[in-house]
Each structure stands twice: as C-alpha cells, then as structure tokens.
Peer 1: 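To start, I am sharing the structure in question, which I have written as structure tokens.
Chain letters run A, B, ... following the sequence lines, proteins first, then strands; residues in each count from 1.
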Number of protein chains: 2
Amino acid sequence: MDDQRLERFFRRLRVRDTLGQAEREALSAVAGQTVYFAPGEMMARYGSSPSKSLLLVQGMAARQNTVESGQQQITAFHIAGDFVDLHSFLLSKLDHDVRAMSAVAAVEFPHDGLRRITEEFPHLTRLLWLSTLLDGAIHRQWLVAMGRLTAIAHMAHLFCEHFVRSDNVGLVEDMSFPFEITQQELADALGLSNVHVNRTLQELRRQDLVSWDTKRVRVIDWKRLQEVGQFDPIFLDVVQTPR
Amino acid sequence: MDDQRLERFFRRLRVRDTLGQAEREALSAVAGQTVYFAPGEMMARYGSSPSKSLLLVQGMAARQNTVESGQQQITAFHIAGDFVDLHSFLLSKLDHDVRAMSAVAAVEFPHDGLRRITEEFPHLTRLLWLSTLLDGAIHRQWLVAMGRLTAIAHMAHLFCEHFVRSDNVGLVEDMSFPFEITQQELADALGLSNVHVNRTLQELRRQDLVSWDTKRVRVIDWKRLQEVGQFDPIFLDVVQTPR
DNA sequence: TCCGTGCACTATCGTATGTTAGTAAAACGG
DNA sequence: CCGTTTTACTAACATACGATAGTGCACGGA
C-alpha cells in the first residue's frame, strides 16, 4: 500500500520517469515516522552523521553554512517532495546545517532501509541517485548566477527555478508558489546583503515581474522573468524518459 | 584483469572505502577507448546527451557555462581520477560544457555498461553515486566561498581543496600540485575578473602562502593557507568507511 | 631571427553592492 | 489587547571589485 505522505515525491519522480507499484511499495515500506520542526529550528547539524534521511512533506527548509564572520550562506532550498539530506546516506558527515524555514513536516528514511533498496531495486536506486544529481545541477546554476549574473538577474533566476520546481509537485496556484522566508534568508541564498535584496526586490516589482507578500511569490510576467534571469530550465531535466 | 588506466580512480575510491577484485574487474570491463583532447578543446557540449561518461586519466578539465554577456563561469575543475560527466548517465541533457584545460586523456564509459553495473553491483553503484555526491559537496563549498568569503579567502580555499584532492590521487610532489590553467580561467572559476585574480594572487604570494609558475601550485604555508581560506576538509569526506 | 600571439601584469577610474544606523509597520506572545 | 520582537524598508556613506586600456615578456612557428 502506498504511503500518502510520499505523494509529492512520487510526483516529482514521475515527471522524469515511470515508477512501478513494487517500487512505490518498497519506498513506502522504508518510510518511518513523520517528524515536525518549528520555523528556524535545526533539522540536522554540520559535522553530524545522521542515520536517517529526511523527505520534506510540508513547508520549506534550507541547507546552510556559517563562515567565521558569522555570516550565513544558504546553498539549497527544499520544498515538499524533496529529500533534504539524501546525500548523508553515503557521505559520512554532513558538510552543512539543515534548517526549517517555515513549519516543516518530514518523513524519516532510515539508511539501512535505503541500503536495502540499493541492493534490491536497481532502477529505484537510479531514481534516488537522480534526485541527488538534480541537487547538484541546481548548485551549478546557483554558481553561474552568483558568479556572473547581476543581483536582479540572479534573483529572477531563483524565482524561475522555484516556480518550475513548485509546479512539478503541484504547489503552483494562480501563477504563485509558497515562499515563506525572510528577505535576510533570501539574501543568504543569493550571497547579498539584506539591504541589497530589498533594493533588488523593489526593482523586480517595479518592472511588474513578480510580487511577494512573504507567504507566496506570484509570477506576473513569466516570459520576461525568464529573460531577466537568463533562465533555461534544461538543468531541472523535466523530461519523462527511462533512467 | 585490472585496467591500469583506472588506477587513480581506484585510488580515489579506496581513500573512502574498500574496492573488491570483482568490482575492479567490472569497471575495467566497462572501460572503453582512451580519447585525447588538446588544451582548450571541448570535451562535451551544453544541451547534448552523451552516451558515454569520461574518466580523466591525464590533465585537467572544467565544466563551464556561458552567460548572455559572453562571460564564462566554471563550476568544477577535474583532475586525473575524476569522472567529468558521470551525472550524464542519468541526466538526459548536459547543463554545461566540458572543456580541456590542458592536454587531456580520458577513458570512455558507455552508459549501457554503467547501467549493467547498477543492475549487478550494488556496492559499486553506491561508490559511483558517492563520486557524484562529492562533486555536489564541492559545489556547495564553492557557493559558500563565492557568496560569503573575500576574494583572497576564496582563492586560498580553492587551492586548499585542490591540494587535498591532488594528494588523494597521488599528484602532490614536494608540497605542489599540477595546476596548468590561465589566470583568466581561475577568474572564471572564482567569479572574479582576471585583473582582480592577479591582484589577489599577488597578495597570496606576498604573504608567502603559495607560489604558482603556471604549471604547478606550491603550498608554502599549509596551516596559514587553510586559515586564510577558512578551509575545513570535512566536505571532501576523506574517511575510510563502508558505504 | 623575426614576427605574431597569448598571457601576466599594471594604472586609472567607475560602480554594484556592502555597512551602519536608523524608522515604521507587522507579527507575535502573554 | 498591549508590549515586545521581528521584519521591511530607507538614507548616507564606504569599498571591494570590475572595466578599460594599456605595457612588456615569453613562447612558438616559419
């Protein structure tokens, strides 16, 4: 019997490949408890060695590092249907913190269960591997945007990315997606100051590209937003094909 | 019989786990032709769908993207023993170019052979997966360095990373590692201008931290270089443990 | 040997973004 | 409902880094 909590995750996989009944059941069998986190709460810590990975089913989380100056850098945002730390299954220590941005619900996947999947379900294993490859592809786009795009293009690119990712798991309504974080947190993701994020955001609003009421981002002009952000969705690999 | 061309790759894996005879032979059986590239030559193109992945056995390569202004951003450097595009095994299209930085030799791994490995060798599959996870971990550190470190710290961090990675595959001699790229290419990796890379490099030299004669980077003060770069090798996960 | 090319390196100046320090409004907690 | 805290937003000023436009050296080809 399928685990309903995994529905968005299945959906994200089904956008890119097919998923058999046996595979869905195998994942459901490994899925453990649901755990809850308050906004701002740490879900996993730098240097720790988790024995479980967490699949987000509600809310938003981020991976982040702290540098000596005390500044933070967010390296990834995660939404419902994403594993926040599937890589900890094979990496011996976490190289970042994981923090809840909003109220979060997540399903635990014990690593020994994941290991059994890799022993018995090669295709499903490839799909889990694919999940982490998509994280890597997003990291690369963030690097390109951070290194070579202006602040406004970078922010537009991030909004485009989240629009597509949210759409893939059914979170887009009326051209808007949930984005419940502070401007400071957005600054920590873009590598900017909170002041400059505010300035840049106002420019995006002035150009009638997006609006953001702290709960949801609404895309007003999808075509121009992609142009401003030099956004090419190829890296999200939204292609139904056998893997 | 083991394929000698894979020696550095085996070495990189053995730093993090054990590798059985059957696994080495399975990889050797899948390994195909050696292909050669001249400095600057494209090894794989943005948007293409390779049917093989390339394992570097000689020289240095980079993954890079080009933005509308014509500027380039390098998102990864690869050295002997690294797969440059193992992710193309599961991602349907390449989200970046791969370019040879120096004279390069690489071994082709046809994707159908890799697929057979995932069907028959779960542990070896996890090690290949691990390879791509390490790429991701390096991407994250680049993001942190780019977003929140100064130019000098960022450059120091990159040199530290390459020192450790080179050491893992036996490329360090006399505290120096091969680094045959131009200052412009280094700028494209750091997200800086070539002018500022030159300034920053001179500061690192002035502080007696490194020297670089365009062929090799020599680490003069390893301890202080790590301090300046806020380098913590945890993300490279150099830990011998069953995966 | 000479020329052409690419690269390291420099000087000058410009600007995108950061820092500090605030105000006001909204959200939150008791 | 009120006091407290958090967050958005603004202004003034500072700076790390970028852009442009060079010079000169080293190397490779003919």
Peer 1: Which part of the nucleic acid does A/Ser193 contact within heavy-atom distance under 4.0 Å: base, sugar-phosphate only, or nothing?
Peer 2: base
Peer 1: Rounded to the Å, how far apart are B/Met155 CE and D/dA16 P?
Peer 2: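 Interatomic distance, CE of B/Met155 to P of D/dA16: 16 Å.
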Peer 1: Does the side chain of A/Gln202 get closer than 4.0 angstrom to OP1 or OP2 of D/dT10 through an N or O atom?
Peer 2: yes
Peer 1: Under 4.0 Å, heavy atoms only, any strand: does B/Gly40 hit a base, just the sugar-phosphate, or nothing?
Peer 2: nothing
Peer 1: To the nearest Å, how far apart are B/Leu149 CG and D/dC17 P?
Peer 2: 10 Å
Peer 1: Inspect the surroundings of CD in B/Gln58 and state if more than 12 heavy atoms from other residues, nucleotides or ligands are less than 6.0 Å away.
Peer 2: no
Peer 1: Between the side chains of A/Lys93 and B/Asp237, is the shortest nitrogen-to-carboxylate-oxygen separation below 4.0 Å, so that they form an ion pair?
Peer 2: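 Answer for the salt bridge query: no.
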Peer 1: What's the CD-C1' distance between A/Gln71 and D/dA16, to the nearest Å?
Peer 2: 13 Å
Peer 1: Between A/Thr75 and A/Gln64, does the side chain to side chain contact (heavy atoms under 4.5 Å, CB included) criterion hold? Intermediate values first, please.
Peer 2: CA-CA 6 Å; A/Thr75 58; A/Gln64 60 177 27; over 6 Å; no
Peer 1: Does A/Asn194 place a side-chain N or O at less than 4.0 Å from the phosphate oxygens OP1/OP2 of D/dT7?
Peer 2: no
Peer 1: At 4.0 Å (heavy atoms only), tell me whether B/Leu192 reaches a base, stays on the sugar-phosphate, or touches nothing.
Peer 2: sugar-phosphate
Peer 1: Any carboxylate oxygen within less than 4.0 angstrom of a Lys/Arg side-chain nitrogen, looking at A/Glu7 and A/Arg11?
Peer 2: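 Here A/Glu7 does not pair with A/Arg11 in a salt bridge, since their nearest N and O are not under 4.0 Å apart.
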